[in-house]
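One structure below.
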Amino acid sequence: MKKVIITGALGQIGSELTMALRERYGYDNVVATDIRSIPGSVAHDSGPFVIADVTDPAKFKEVLCKHKIGTIYHLAAILSHAAEQKPQLAWHINMNGLYYMLELAREQSCQIFTPSSIGAFGPSTPPDRTPQDTIQRPSTMYGVSKVAGELLCDYYYKRFGVDTRGVRYPGLISYVAPPGGGTTDYAVEIYYEAIKNKRFTCFLKQGTYLDMMYMPDALTAAIDLMEADPDRLKHRNAFNVTAMSVAPEDITRSIQKFIPEFSIDYRIDPVRQDIADSWPNSLDDTAAREEWGFSPKYDLDSMTADMLEKLTEKLK
Ligand SMILES: NC(=O)c1ccc[n+]([C@@H]2O[C@H](COP(=O)([O-])OP(=O)(O)OC[C@H]3O[C@@H](n4cnc5c(N)ncnc54)[C@H](O)[C@@H]3O)[C@@H](O)[C@H]2O)c1
């Protein structure tokens, strides 16, 4: 069996995807890489780990050849809020990093997964049940890099036959690794604060509807898409996927079912509110459901129950 490599493996998604892939394909068959090292973290300690910068293709070529890699999960990127703080760096890592990984996938005949985002949409996109194929004119550096990335991945598939696949992830909620500077980070922080302090100050205002998904569904989506029959795929980069469309007050009400004294107030961060306002309220994920059987398991209340249970254990 050809092996799997993950870039950005110590981030919010990578920390859990590394473990999911190791459990599925064997611990020694999944090579985790990141620009930093976190000894003691499961993704770092449970199998091969290499420090590697995605803007250093020579290093990755060495690792790909040494480990006979057949599949790349390319997660390393600068997220939406962080990218507005450092747009030049975000362009460099999100675009050049992706270009180098695509070139390596072409040279070494690898399959490659690249997550896009709801950030690939913008203010002129239809905001409700946003279609799979629609207007994409984002107003953020993150969004610009995600749209360009989707197009580049499709180009590599059509021009060179590289097996490129991707999803447009919504905000992802998880309890293992902290989120890396996105606009939907509040939806993770709210659970930590609910347990620790029974109150939360939200940086997005009431009524800000955004798509979200619990991490187990996000991991299943990535693996299912990569294992999907290519003959069924009409789209490739990237599929709309979502599990719920929620505003801060919806998550608050869901938490209050378990912690009745929990309360929320609001101190709006104008940068993140602007970004959130430019994104859709809800996505239409019919193409993912029809072409590769996407079907998330968690809704808001089942996610809240699991988050509160797992986080309470973690924070003990
Ligand atoms: N988490 C979400 O809610 C979400 C939503 C939509 C899309 N995505 C996409 O999924 C992917 C992973 O997101 P995440 O949430 O895990 O991000 P994250 O910020 O938590 O993790 C990114 C990882 O990349 C690493 N990294 C940064 N620069 C690097 C470089 N030059 N070389 C190698 N590694 C580098 C970081 O150290 C970090 O561990 C990104 O493409 C992101 O845009 C995430």
Side-chain angles (χ1 to χ4, degrees), residues 5-20 31-38 41 43-44 49-57 59-60 63 72-86 88-101 112-121 138 140-150 152-153 166-189 210-215 217-219 221-222 237-243 272 275-276 279-280 283:
I5 197 169
I6 306 171
T7 74
L10 299 183
Q12 191 195 6
I13 301 177
S15 299
E16 295 190 56
L17 184 60
T18 301
M19 297 315 297
V31 182
T33 72
D34 204 290
I35 199 171
R36 59 192 171 133
S37 151
I38 310 181
S41 64
H44 181 280
F49 179 84
V50 180
I51 293 191
D53 181 337
V54 291
T55 61
D56 178 0
K59 174 74 182 178
F60 268 95
V63 181
I72 303 169
Y73 283 82
H74 176 48
L75 305 182
I78 304 294
L79 270 64
S80 57
H81 182 239
E84 287 315 296
Q85 314 307 307
K86 295 184 177 173
Q88 296 81 358
L89 179 73
W91 175 263
H92 178 55
I93 292 176
N94 294 5
M95 291 317 305
N96 292 331
L98 173 60
Y99 168 70
Y100 293 138
M101 291 305 127
I112 177 166
F113 173 82
T114 312
S116 183
S117 159
I118 51 172
F121 298 115
T140 62
M141 176 52 91
Y142 181 66
V144 169
S145 73
K146 287 300 181 191
V147 176
E150 289 184 9
L152 196 59
C153 289
V167 294
R168 295 182 184 128
Y169 276 135
L172 299 181
I173 296 167
S174 67
Y175 57 86
V176 174
T183 302
T184 52
D185 290 7
Y186 90 83
V188 176
E189 290 158 14
L210 291 168
D211 285 286
M212 305 274 177
M213 192 188 294
Y214 197 31
M215 189 61 84
D217 285 327
L219 305 181
N237 302 280
F239 285 92
N240 285 0
V241 287
T242 183
R272 285 187 281 202
I275 297 175
W279 291 355
L283 298 188

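As the structure lists them, so they are numbered: ligands from 1, and atoms in each ligand from 1.
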Margin query: For the CD1 atom of Ile173 and the CD atom of Glu189, what is their distance to the nearest 0.5 Å?
Written below: 11.5 Å
Check: Which of these, Asp211, Ile13, Thr114, has its nearest heavy atom closest to atom 16 (O) of ligand 1?
Finding: Ile13
Next item on the list: Around atom 20 (O) of ligand 1, find the nearest protein heavy atom and jot down its residue, atom name and distance.
Entry: Gln12 N, 2.8 Å
Note to self: Any non-hydrogen side-chain atom of Asp53 less than 4.5 Å from a side-chain atom of Lys59?
What the structure shows: no
Checklist line | Which segment of Ile78 sits under 4.0 Å of ligand 1 when only heavy atoms are counted | finding: neither
Notebook entry, point to check: What pair of heavy atoms forms the shortest contact from Lys146 to Pro115, and how long is it?
Noted result: NZ-O, 2.9 Å
Notebook entry, point to check: Looking only at side chains, do His81 and Gln85 share a donor and an acceptor under 3.5 Å apart?
Noted result: yes
Note to self: A side-chain contact here means heavy atoms from C-beta on lying under 4.5 Å apart; do Lys86 and Ile78 qualify?
What the structure shows: no
Next item on the list: Identify, by atom number and element, the atoms of ligand 1 in contact range of Gly180, meaning under 4.0 Å from any of its heavy atoms.
Entry: 19 (O), 20 (O)
Next item on the list: Looking only at non-hydrogen atoms, find the nearest pair between Tyr100 and Val54 and report the distance.
Entry: CD1-O, 3.5 Å
Notebook entry, point to check: Under 4.0 angstrom from ligand 1, any heavy atom of Ala218?
Noted result: no
Margin query: Less than 3.5 Å apart, any donor N or O on the side chain of His74 or Thr114 sitting next to an acceptor on the other?
Written below: no
Margin query: I need the nearest protein heavy-atom contact for atom 22 (C) of ligand 1: residue, atom name and distance, please.
Written below: Ala77 O, 4.0 Å
Margin query: Considering Asp53, Leu172, Val54, Ile35 one by one, which has a heavy atom nearer to atom 3 (O) of ligand 1 than any of the others?
Written below: Leu172
Next item on the list: Report the nearest protein non-hydrogen atom to atom 17 (O) of ligand 1: residue, atom name, distance rounded to 0.1 Å.
Entry: Leu79 CD1, 3.4 Å
Notebook entry, point to check: Can an N or O of Thr55 be found at a distance shorter than 3.5 Å from an N or O of ligand 1?
Noted result: no
Check: What is the nearest protein non-hydrogen atom to atom 40 (C) of ligand 1, stated with its residue, atom name and distance?
Finding: Leu75 O, 3.3 Å
Checklist line | Side chain, backbone, both or neither: Lys146 near ligand 1, heavy atoms under 4.0 Å | finding: side chain
Notebook entry, point to check: Under a 4.5 Å cut-off applied to non-hydrogen side-chain atoms, are Gln12 and Val188 in contact?
Noted result: yes
Item checked: Residue pair Thr18 / Ala32: nearest heavy atoms and the distance that separates them -> CG2-CB, 4.0 Å
Checklist line | Atom indices of ligand 1 within 4.0 angstrom of Ala76 heavy atoms, with elements | finding: 24 (O), 33 (C), 34 (N), 35 (C)
Notebook entry, point to check: What part of Ala9 sits under 4.0 Å from ligand 1 if we count only heavy atoms: the side chain, the backbone, both or neither?
Noted result: neither
Next item on the list: Measure the distance from atom 21 (O) of ligand 1 to every protein heavy atom, then report the residue, atom name and distance (to 0.1 Å) of the closest one.
Entry: Gly11 CA, 3.2 Å
Check: If you look at every heavy atom in Ile275 and Ser80, which pair is closest and at what distance?
Finding: CD1-O, 4.1 Å
Note to self: Heavy atoms only, cut-off 4.0 Å: how does Ser116 contact ligand 1, side chain, backbone, both, or neither?
What the structure shows: backbone
Check: What protein heavy atom sits nearest atom 24 (O) of ligand 1, and how far away is it?
Finding: Gly8 CA, 3.4 Å
Note to self: Is there a polar contact, in the sense of an N or O pair closer than 3.5 Å, between Thr184 and ligand 1?
What the structure shows: no
Next item on the list: Would you mind telling me if ligand 1 is within reach of the side chain of Ala82, the backbone, both or neither, using heavy atoms under 4.0 Å?
Entry: neither
Margin query: With the threshold set at under 4.0 angstrom, would you say Ser15 reaches ligand 1 through any of its heavy atoms?
Written below: no
Check: Any side-chain heavy-atom pair from Thr184 and Pro179 closer than 4.5 angstrom?
Finding: no
Item checked: Pairwise side-chain contact, Phe60 with Ile5, heavy-atom cut-off 4.5 Å (strictly under) -> yes
Check: With a 4.0 Å cut-off on heavy atoms, does Thr7 reach ligand 1?
Finding: no
Item checked: Heavy-atom pair with the smallest gap, counting every atom of Ile51 and Ser37 -> CD1-CB, 3.6 Å
Item checked: Phe121 side chain near Arg168 side chain, heavy-atom distance below 4.5 Å -> yes
Margin query: Distance under 4.0 Å to a non-hydrogen atom of Ser117: what atoms of ligand 1 satisfy this?
Written below: 6 (C), 7 (C)
Note to self: Tell me the protein heavy atom at minimum distance from atom 5 (C) of ligand 1, and give that distance in Å.
What the structure shows: Pro170 O, 3.2 Å
Next item on the list: Kindly give the heavy-atom pair with the smallest separation between Glu84 and Met141, and that separation in Å.
Entry: OE2-N, 2.9 Å
Check: Which residue supplies the protein heavy atom nearest to atom 25 (C) of ligand 1, what is that atom called, and how far is it?
Finding: Asp34 OD1, 3.4 Å
Notebook entry, point to check: Short list, please: which atoms of ligand 1 are under 4.0 Å from a heavy atom of Ala52?
Noted result: 32 (N), 33 (C)
Check: Quick check: does Ile93 get an N/O under 3.5 Å from an N/O on ligand 1?
Finding: no
